[in-house]
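Here the structure comes first, spelled out in structure tokens, and everything after it is commentary.
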Amino acid sequence: MSNHVPNEARVIPLRPPGARPQAARPATAPPRQGSPAAAVKEPLWRDLVGDVLRRERLAQERTLKDVADEARISMPYLSEVERGRKEASSEVLAAAAHALGLSLGDLLSRAQGELVRVTSRYSGGSRRGVSPSSSEGLCLAA
């Protein structure tokens with residue numbers, strides 16, 4: 001018979017004994033200058049899309065419940081999408097966009113604009129090896 005007492009949690013260490021966790025910098029902190037390991041993390045697409053949805057909803061002075069009801073999705077799920085916690089399907093994104101009076105293309109275009117704005121902040125306004133073009137676009141494949 002085992003010495004393990006039922007109803008007691010067993011702790012399995014994830015790091016070697018004596019190892020101390022490193023102090024983590026906040027994810028929003030800008031990278032340190034001159035540090036080769038300070039690679040810029042691009043924002044997640046779901047965060048950008050959620051930000052666009054929330055900004056548009058607030059600009060229209062509409063409640064989460066109102067938009068969720070019109071889009072026929074649950075209010076908690078729409079909240080999770082707006083906060084970037086859920087990777088919503090294209091059907092859900094289209095429904096939320098239409099409830100706000102936007103097309104899916106409008107929503108994705110605004111998210112892409114936000115991505116360009118956010119990433120250009122870290123790269124000094126230009127990307128290596130890419131010449132600026134007024135015809136830059138977004139291509140999504142299913």
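Along the sequence shown, residues carry numbers from 1.
Closest heavy-atom contact between Pro43 and Leu115: CG-CD1, 3.9 Å. In this structure, Leu100 and Gln60 approach most closely via the heavy-atom pair O-NE2, 2.7 Å. Here the closest heavy-atom approach between residue Ser79 and residue Leu64 is recorded as CB-CD2, 3.5 Å. Between Ala96 and Leu78, the shortest heavy-atom distance links the atoms CB-CD1, 4.2 Å. Smallest separation of non-hydrogen atoms from Trp45 and Ala111: CH2-CB, 3.6 Å.
Using a cut-off of 4.0 Å between Lys/Arg side-chain N and Asp/Glu carboxylate O, Asp106 and Arg110 are scored as not salt-bridged.
To the nearest 0.5 Å, the span separating OG1 on Thr63 from CG on Asp69 amounts to 7.5 Å. Taken to the nearest 0.5 Å, the CG atom of Leu107 stands 12.0 Å off from the CD atom of Gln112. Considering CD of Glu91 and CD1 of Ile73, their distance stands at 12.0 Å, rounded to 0.5 Å.
At least one donor-acceptor pair under 3.5 Å links the side chain of Arg46 to the backbone N or O of Gly84. Looking at Arg57, its side chain does come within 3.5 Å of a backbone N or O of Arg62 through a donor-acceptor pair.
Using a 4.5 Å heavy-atom cutoff, the side chains of Leu93 and Val81 are in contact.
Put simply, the residue from Glu82, Glu80, Glu114 that forms a salt bridge (Lys or Arg N to Asp or Glu O under 4.0 Å) with Arg54 is Glu82.
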Output, in order, the C-alpha distance, side-chain angles, deciding distance and verdict of side-chain contact (heavy atoms from CB on, under 4.5 Å) for Leu53 and Val49. CA-CA 6 Å; Leu53 286 171; Val49 170; 4.2 Å; yes
